[in-house]
Amino acid sequence: MENLILQQIEKYKAGINRKYPYLNGLNNEQLSAVLQTEGPILVFAGAGSGKTRVIIYRALYLIKKGLAEPNRILGVTFTNKAAGEMRERIKKTLDNQSSLPEFSTFHSFCLKVLRLHAHLIGYKESFIVLDEDDSGKLIKAAVSELNLDEKVYTISKVKAFISKHKSEYINSEETTDESSPLKKNFTNIYRNYNEKLKELNAMDFDDLIFNSVLLFEEKPFVLSFYQDFYKYIMVDEFQDTNYIQDKFIKMLAGKHKNLCVVGDDDQSIYGFRGALVDNILKFKNSFKDCKEVHLGKNYRSNESILNAASNVIRINKKRAAKDIAPVKKGGKPVKVYRFENEESESGYIAREINLLVRHAGYSYKDIAVLYRINALSRGIEAGLINNGIDYQIYGGLKFYQRKEIKDVLSFIRFAVNPQDFLSFKRSVQCVPTGAGETTVEKIKRIADENNIHIFTAFQKGLLAGIKGLKLKESGLFETERMADKSKLLDYFELILKIKETAGAAKADEIIKTVFEESGYESLLKEKAEKDVLQNNRLDNIEALIKAASNYPNIQEFLDASAMDTEIGIDKEETNKVTLATIHAAKGLEFSVVFMVGMEENIFPHAKSLGDELAIEEERRLCYVGITRAKDLLYMTCAETRKTDKGNKENNMSRFIKEIDLRNNN
DNA sequence: TTCTCTAAAATTTTT
DNA sequence: TTTTAGAGAA
């Protein structure tokens, strides 16, 4: 087999086959991954080895060779950004194809599937997707309903428990570990939480995958359809898949078995979220005829940076043996600096950035400052601002997580899904409608007691008596005492209006209506007058409306916003320094990288100390950080650093020592 | 009962 | 430093 492929490759190289000229730019390893189209194939793709290229060219080759219609090729990634990039790149190479390959994240793809079939597993088709924030609220409610201590059953702990079980495909009914009162309580919270989700006709992020697998298991004809349809499947960053994602993909590829997984066990940095490195390390065990390709040439970093990376990662015990060789020889040694405190650290970085830009020919956009934890960005920002350097925080606060965005969308979410109590509460309270905690609870109780949705209760006039709302014969409303209650009445009429137009009106029109008629606009404008910072909230709403205009209907837009797709959100192509966590920076590259806060307790993080597996994950994270750099790498740390509890002294990170600077030049 | 103002509380990494 | 909790005003 291997020989056959090499022969084939030589054929291309000799120019015998000029049918696929676009493959000329690929090296032998990459070609081998592209040309072996049939059956399962595992591609180990080291950092900077051109893995995205392989995926794109593989799709292109499949299409040009006529092996599959474009839309019957599925590419699965983890981030919307990666999926979007692949979509763009393939679009450029396929100018006038009737369809395009489906590039999607696990979550978006599952959401699309569930939108079509969720009714088969007991959901209403208008189900909503809860973000982390909202699911946290439900957990909090569950904990307090069960009279448990919030200090013991913290949202983050409960979340981790539930997420772990869902990612291992263990239902709340099947959670049998009740060995201790603590575990029993966690299980009870899990059950209560799931009941709440059902009540809201809602799914959390983990449910999207969980329920897709459930759907496939319970309705084999649905699975069969998708198995038939997707002839070729490729999965990016396979080292980050968890148990259920791996299961999902293998089910989907179960018929054609043309499954290409690409990944790098050294870049597995989501273990804390249930990712299993074994999924990639043991992939071959699942398929006896699995092929394997190693992409071992690094085109991104120079020799010096790559040596530093190798020196660190080779200390890890659990990893597939592999070499990665730099294409770019030489390079300046990694620079390590230790400062007195974080101010001098950030001051140095800012001045150094300006020097690099003024005298070394770099642009601000070529430079990134990476850190282990978000909290470190503050100090860096201060340093950059003081030195007049523009920056952008990559992956910081998500657009759709912003308060004003969630507020405006909550009206629509409630209108579309009348079971969504969270959105009802948010929308009715984000503008002064006169409904506070008590009124909202009262309305919910009335709806619960009559076993109907809040909006139905309103329509049936059951909310009469609350703030004087009364039902007219026509089904519309009048108030007993107009002065007090007109606002709540207006609120419900606005919801009614959205419900009526949701099917036909365009997404941006609906959002505009909500913004203007809910009173939110005047509220924001009022605030903007008092506080200049509030001005960008208005800008964000504008951006929201603009983004919505790219979607055919409101449901699709709501789904995209739930997945935090930033499609249509204008990202300015400006010349700014990038700030990011190392996690967020995965998949990116920069000419110059500063890794800051290289201190014990920060990197590796205090919570990982003493746990060898956790330390190994931190080390992989360090490897990911180092390999973002193309030309220059700086590592900085401070002797003392301000934390929430005063100044803290930290030693230099062990990772700096591991680089072994003597052998690094 | 709701709204607004002030004080404290919180930060690992995320689809 | 941004978000939540509590207290007082309307």
Side-chain angles (χ1 to χ4, degrees), chain A residues 76-83 104-111 129-133 135-137 140 150-151 154-156 159-160 163 166-167 203-210 237 240-242 244-245 268-275 370-379 381-382 394-398 400-403 428-442 466-467 484 487-488 523 526-527 530 533 559-566 580-586 597 601-609 614 617-618 620-622 624-625 642-645:
Chain A
V76 184
T77 65
F78 272 88
T79 65
N80 291 301
K81 168 111 176 147
S104 198
T105 63
F106 274 99
H107 294 84
S108 310
F109 183 74
C110 287
L111 177 54
V129 182
L130 292 194
D131 62 22
E132 288 292 290
D133 217 48
S135 87
K137 283 181 191 166
K140 203 174 165 189
E150 271 185 37
K151 299 263 157 51
T154 60
I155 292 177
S156 65
K159 230 181 228 179
S163 187
K166 287 191 177 176
S167 72
M203 299 190 195
D204 63 20
F205 284 134
D206 294 317
D207 283 337
L208 294 175
I209 325 279
F210 188 103
E237 308 276 18
D240 288 335
T241 53
N242 59 30
I244 197 165
Q245 288 161 339
S268 165
I269 55 174
Y270 287 106
F272 70 95
R273 235 172 67 189
L370 307 182
Y371 34 83
R372 173 67 237 267
I373 52 176
N374 275 314
L376 294 190
S377 79
R378 272 224 322 266
E381 287 178 70
Y394 184 88
L397 72 162
K398 290 286 170 48
Y400 289 105
Q401 298 286 88
R402 287 165 213 252
K403 187 182 179 303
V428 80
Q429 293 190 139
C430 71
V431 286
T433 53
E437 216 58 33
T438 324
T439 308
V440 164
E441 280 305 318
K442 212 187 254 176
I466 299 210
K467 288 282 170 185
D484 295 345
K487 282 189 171 170
L488 191 54
L523 191 77
E526 216 173 279
K527 281 186 181 168
K530 286 182 201 153
L533 288 173
D559 282 350
S561 73
M563 297 293 96
D564 219 274
T565 315
E566 297 217 347
T581 64
I582 303 174
H583 281 91
K586 191 165 83 157
N601 291 315
I602 290 178
F603 197 15
H605 193 270
K607 292 203 171 150
S608 300
L609 299 178
E617 180 150 315
E618 298 272 334
R620 290 193 291 272
L621 188 59
C622 185
V624 169
K642 269 194 210 118
T643 66
D644 46 346
K645 296 177 202 98

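Residue numbering restarts at 1 for every chain, and letters A, B, ... go by the order of the sequence lines. The figures here come from the full heavy-atom set of this structure, side chains too, leaving out hydrogens, waters and symmetry mates.
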Whole-Å gap separating [atom2] ([N]) and [atom1] ([X]):
{"X": "Y371(A)", "N": "dT11(B)", "atom1": "OH", "atom2": "P", "answer": "18 Å"}
{"X": "R378(A)", "N": "dT11(B)", "atom1": "CZ", "atom2": "C1'", "answer": "9 Å"}
{"X": "E381(A)", "N": "dT11(B)", "atom1": "CD", "atom2": "P", "answer": "19 Å"}
{"X": "K607(A)", "N": "dA10(B)", "atom1": "NZ", "atom2": "C1'", "answer": "11 Å"}
{"X": "L523(A)", "N": "dC3(B)", "atom1": "CG", "atom2": "P", "answer": "11 Å"}
{"X": "Y394(A)", "N": "dT14(B)", "atom1": "OH", "atom2": "P", "answer": "11 Å"}
{"X": "I373(A)", "N": "dT14(B)", "atom1": "CD1", "atom2": "C1'", "answer": "16 Å"}
{"X": "I602(A)", "N": "dT11(B)", "atom1": "CD1", "atom2": "P", "answer": "16 Å"}

- Message: Identify the stems formed by DNA chain C, where each pair is Watson-Crick or G-U wobble with both distances under 3.5 angstrom and a stem is at least 3 consecutive pairs.
- Response: B:1-9 with C:2-10
Could I get the full list of side chain to side chain donor-acceptor pair (under 3.5 Å) partners for [X], not counting sequence neighbours?
{"X": "S104(A)", "value": "none"}
{"X": "T581(A)", "value": "none"}
{"X": "D204(A)", "value": "K166(A), Y193(A)"}

- Item | Atom pair CG/CG of D559(A) and L111(A) - distance to nearest 0.5 Å | 4.0 Å
Categorize [X] for me: base, sugar-phosphate, or nothing, with a 4.0 angstrom heavy-atom threshold over every strand shown.
{"X": "Y270(A)", "value": "sugar-phosphate"}
{"X": "K159(A)", "value": "nothing"}
{"X": "E132(A)", "value": "base"}
{"X": "F272(A)", "value": "base"}

- Can any side-chain N or O of K159(A) pair as donor or acceptor with the backbone N or O of E132(A) at less than 3.5 Å? yes
- With sequence neighbours excluded, what pairs up with Y270(A) under the ring-ring contact (aromatic ring centres under 6.0 Å, His included) test? F272(A), H583(A)
- What are the bounds, 5' to 3', of the part of DNA chain C that sits under 4.0 Å from heavy atoms of chain A? dT1(C) to dA5(C)
- Stepwise side-chain contact (heavy atoms from CB on, under 4.5 Å) check, K586(A) with D240(A): CA-CA 12 Å; K586(A) 191 165 83 157; D240(A) 288 335; 2.3 Å; yes
- Query: Which residue lies toward the 5' end of DNA chain B, H605(A) or P432(A), if each is placed at its nearest nucleotide?
  - Reply: P432(A)
- Task: Before giving the answer on side-chain contact (heavy atoms from CB on, under 4.5 Å), spell out for I244(A) and F210(A) the whole-Å C-alpha distance, their side-chain angles and the decisive distance to 0.1 Å.
- Result: CA-CA 7 Å; I244(A) 197 165; F210(A) 188 103; 4.1 Å; yes
- Query: Would you call E381(A)-R378(A) a salt bridge at under 4.0 Å N-O?
  - Reply: no
- Item | Inter-nucleotide C1' distance (dT13(B), dT4(C)), Å rounded | 24 Å
